[in-house]
Amino acid sequence: MMVRSIGAIMLATVLMVGFPSTVLADRSPSWNILEVVTVPPLPSAKFTLDGKPLTTDDKGVARATVRRSREKHQLRLLTPHLDIPDGSADFVRWAGRGNTDQAFTPSLDSLVIGRKTRIQATFQTIRTVRYGFVDQARRPVAPDRITSLTIRSDSGQHLTLEGVRPVRLTAVRPVLEAGSAVGKEVTYYLQSVVIDGTNVVNAGEQRLVPNRTADTRFVVLLRSVRFQIRDWLFGHRVVTGIELTYPDGRAGRFTSGLDGDVSMENLARGIYQVKTSGPGYSQAQEIALSRSQYVELRVMTYVDMATLAVATLTTLSVLVLVGRRRLRKRSGAAA
């Protein structure tokens, strides 16, 4: 009997050494695994499972094991609001096997955990974005020139912002696809930037993705123009000034140089009214400033007026003399 017992013990020892996992598995209790995933991935999100703490890792994942049973468990989110770099994240809903009646609450009170249960805690993230403006040569544009800008998100949201100051924008929003949640980056498209009463961008050409950048520069379309003031009759340069009416109705006066030209830069593209403001006469002229250009302004000076007056009087005098001669000839012929 003793020999048989010793043999049995030795056989059991060999089996445990050769197949330890099999033997231990047979003698250990069965476990279920709960995996909690944040969407988008958020480290340091805190939960409790039946009162025991859980914290997500750098990939936004927290795991726990429970004894296999039919018992119901409580999963609670302790951090429905999280601070993240340049913004925040706020809880939206659970996705997975959670109780649908509690999908939008921070707590799941009747959670059944299977052999491997995966539940997603979804968040919407908001980031603070700073923006500025440059012209096409990448030169900064003064913030006080910006009246407003309008952006449109790919989810259909329109926002009109005044001036230039930091703004909080939705960066990632959770979307359910085939029963599973994914974090979708929100893209904003620039619709308009108003300077001097006119839009200086092409709608939809420039975009902003808050989840990827917290600081951006938009390019605005500014133009230069050179007004050449010339004598109406002779085409000589005239040293005078101009009165320019901007697209928003504001007017400004500018003096020409000795060459009779007025050069202006960084004008918003749009429709302007311009006329000379010095001595003489000129009509207001409308210009569509869609590109940098030269614009010639004709002014009728006092010299032009005097010349035309002399020419007119001379012409009239000649006509009178010619008319008298013809009358004399007719009178002589009649006699």
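All values below come from the heavy atoms of this structure, side chains included, with hydrogens, waters and symmetry mates left out. In this chain, numbering begins with 1 at the start of the sequence shown.
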Please examine the side chains of Thr255 and Val262, heavy atoms only from C-beta on, and report whether any two atoms are closer than 4.5 Å.
no

CD1 of Ile119 to CG of Leu108: how many Å apart, nearest 0.5 Å?
5.5 Å

List the steps and the verdict of salt bridge (Lys or Arg N to Asp or Glu O under 4.0 Å) for Glu243 and Arg253.
CA-CA 5 Å; Glu243 181 177 310; Arg253 295 196 174 195; 3.3 Å; yes

Report yes or no: does Ser224 contribute a side-chain atom to a donor-acceptor pair with the main-chain N or O of Glu265 at less than 3.5 Å?
no

About how many Å separate CD of Gln157 and CD1 of Ile151, when rounded to the nearest 0.5 Å?
8.0 Å

Aromatic rings Trp94 and Phe47: how do their planes relate, parallel, tilted or perpendicular, breaks at 30° and 60°?
tilted

For the residue pair Ala64 and Leu54, what are the closest heavy atoms and their distance?
CB-CD2, 3.7 Å

Transitive ILVMFWY side-chain link Leu78 to Leu75, under 4.5 Å:
no

Any side-chain heavy atom of Phe254 within less than 4.5 Å of one from Met264?
yes

Sidechain-backbone polar pair: Asn199 side chain, Val193 backbone, donor-acceptor under 3.5 Å
yes

With a 4.5 Å limit on heavy-atom distance, are the side chains of Leu161 and Tyr131 in contact?
yes

Any non-hydrogen side-chain atom of Val295 less than 4.5 Å from a side-chain atom of Gln285?
yes

N-O pairing of Asp261 and Arg226 below 4.0 Å
yes

Would you indicate whether the side-chain heavy atoms of Ser180 and Gln120 approach each other to under 4.5 Å?
yes

Checking side chain to side chain contact (heavy atoms under 4.5 Å, CB included) for the pair Lys72/Leu111: CA distance, chi angles, key distance, verdict?
CA-CA 5 Å; Lys72 294 182 179 181; Leu111 178 64; over 6 Å; no

Enclosure of Gln136 CD (heavy-atom neighbours >12, cutoff 6.0 Å):
yes

State plainly whether one hydrophobic cluster holds both Val194 and Leu289, where clusters connect Ile, Leu, Val, Met, Phe, Trp and Tyr through side-chain heavy atoms under 4.5 angstrom apart.
no

Do Ser88 and Arg168 have side-chain N/O donor and acceptor atoms under 3.5 Å apart?
yes

Relative to Phe104, does Arg93 satisfy both conditions: NZ or CZ under 6.0 angstrom from the six-membered ring centre, and within 45 degrees of the ring's axis?
yes

To the nearest 0.5 Å, atom OG of Ser69 lies from atom CD1 of Ile113 at 8.5 Å

What pair of heavy atoms forms the shortest contact from Gly241 to Ile229, and how long is it?
O-CD1, 4.1 Å

Does Pro210 offer a backbone N or O that forms a donor-acceptor pair with the side chain of Thr213 under 3.5 Å?
no

Who passes salt bridge (charged side-chain N to carboxylate O under 4.0 Å, His left out) against Asp248, sequence neighbours left out?
Arg250

Cluster question for you: counting only ILVMFWY and a side-chain heavy-atom cut-off of under 4.5 Å, with indirect links fine, are Val164 and Val167 together?
yes

Determine yes or no for a side-chain-to-main-chain donor-acceptor pair under 3.5 angstrom, with Thr38 supplying the side chain and Leu42 the backbone.
yes

Run the salt-bridge test on Asp215 and Arg217 with the 4.0 Å N-O cut-off and return the result as yes or no.
yes

Are any non-hydrogen side-chain atoms of Arg207 and Leu190 less than 4.5 angstrom apart?
no

Hey, what's the ring geometry for Phe133 with Phe218, parallel, tilted or perpendicular (30° and 60° as the breaks)?
tilted

Is it true that atom CD of Glu296 has more than 12 heavy atoms of other residues, nucleotides or ligands lying nearer than 6.0 Å?
yes

What I'd like to find out is whether the side chain of Leu169 reaches to under 4.5 Å of the side chain of Val186, using heavy atoms alone.
no

Can a donor-acceptor pair be found, under 3.5 Å and without considering hydrogens, that links the side chain of Thr56 to the backbone of Ser44?
yes

Within the distance-only criterion (no hydrogens, no angle test), does the side chain of Asn202 pair as donor or acceptor with the backbone N or O of Glu205 below 3.5 angstrom?
no

Checking Arg145 against Asn266 for the side chain to side chain contact (heavy atoms under 4.5 Å, CB included) test, could you report, in this order, the C-alpha distance in whole Å, the side-chain angles of both residues, the deciding distance, and whether it holds?
CA-CA 11 Å; Arg145 294 196 63 189; Asn266 296 325; 3.6 Å; yes

A quick test of your reading: do over 12 heavy atoms of other residues, nucleotides or ligands sit less than 6.0 Å from CZ of Arg212?
no

Should Phe227 and Tyr246 be regarded as members of a common hydrophobic cluster, given that ILVMFWY residues are connected when their side-chain heavy atoms come within less than 4.5 Å of each other, either directly or indirectly?
yes

Are Val61 and Leu49 connected, step by step, through hydrophobic side chains (Ile, Leu, Val, Met, Phe, Trp, Tyr) whose heavy atoms are closer than 4.5 Å?
no

Heavy atoms only: give me the nearest Gly260-Arg230 pair and the separation to one decimal.
O-NH1, 4.0 Å

Ser256 and Thr240: side-chain donor and acceptor closer than 3.5 Å?
no

How about Ser148 and Thr160: does a side-chain donor come under 3.5 Å of a side-chain acceptor?
no

Can you see whether Asp90 engages Gln124 through a side-chain donor-acceptor pair at a distance of less than 3.5 angstrom?
no

Verify the distance criterion only: is there a donor paired with an acceptor across the side chains of Glu286 and Gln273 at less than 3.5 Å?
yes

How long is the straight-line distance from OH of Tyr294 back to CD of Gln228, given to the nearest 0.5 Å?
7.0 Å

Would you indicate whether the side-chain heavy atoms of Tyr272 and Thr245 approach each other to under 4.5 Å?
no

If you measure from CD on Glu162 to OG1 on Thr150, what distance do you get to the nearest 0.5 Å?
10.0 Å

Give a yes or no answer on whether the side chain of Thr105 reaches the backbone of Gln102 with a donor-acceptor pair at less than 3.5 Å.
yes

Least distance between heavy atoms, Ala268 atom then Thr198 atom
CB-CG2, 3.6 Å

Nearest heavy atoms of Ala181 and Ala95, plus distance in Å
CB-CB, 4.0 Å

Verify the neighbour count for atom CD of Gln74: are there more than 12 heavy atoms of other residues, nucleotides or ligands below 6.0 Å?
yes

Listed by chain and number, what are the salt bridge (charged side-chain N to carboxylate O under 4.0 Å, His left out) partners of Arg223, not counting sequence neighbours?
none

As a quick check of understanding, evaluate salt bridge (Lys or Arg N to Asp or Glu O under 4.0 Å) for Lys116 and Glu35, giving each step before the final call.
CA-CA 8 Å; Lys116 187 172 183 181; Glu35 183 178 80; 5.2 Å; no

Using modelled atom types only, decide if a donor and an acceptor are shared between the side chain of Gln293 and the backbone of Arg291 within a distance under 3.5 Å.
yes

Could you give the distance from CZ (Arg76) to CG (Asp50), rounded to the nearest 0.5 Å?
11.5 Å

Might you work through the side chain to side chain contact (heavy atoms under 4.5 Å, CB included) test for Ile84 and Thr125, ending with a clear yes or no?
CA-CA 8 Å; Ile84 60 176; Thr125 64; 4.0 Å; yes

With distance as the sole criterion, is a donor-acceptor pair present between the side chains of Asn32 and Arg115 under 3.5 Å?
no

Testing Leu267, Ile195, Val219, Ile146 one by one against Val200 for a side-chain contact (heavy atoms from CB on, under 4.5 Å), which residue passes?
Ile195

Stepwise side chain to side chain contact (heavy atoms under 4.5 Å, CB included) test for Ser155 and Arg173
CA-CA 10 Å; Ser155 59; Arg173 61 186 182 92; 3.8 Å; yes

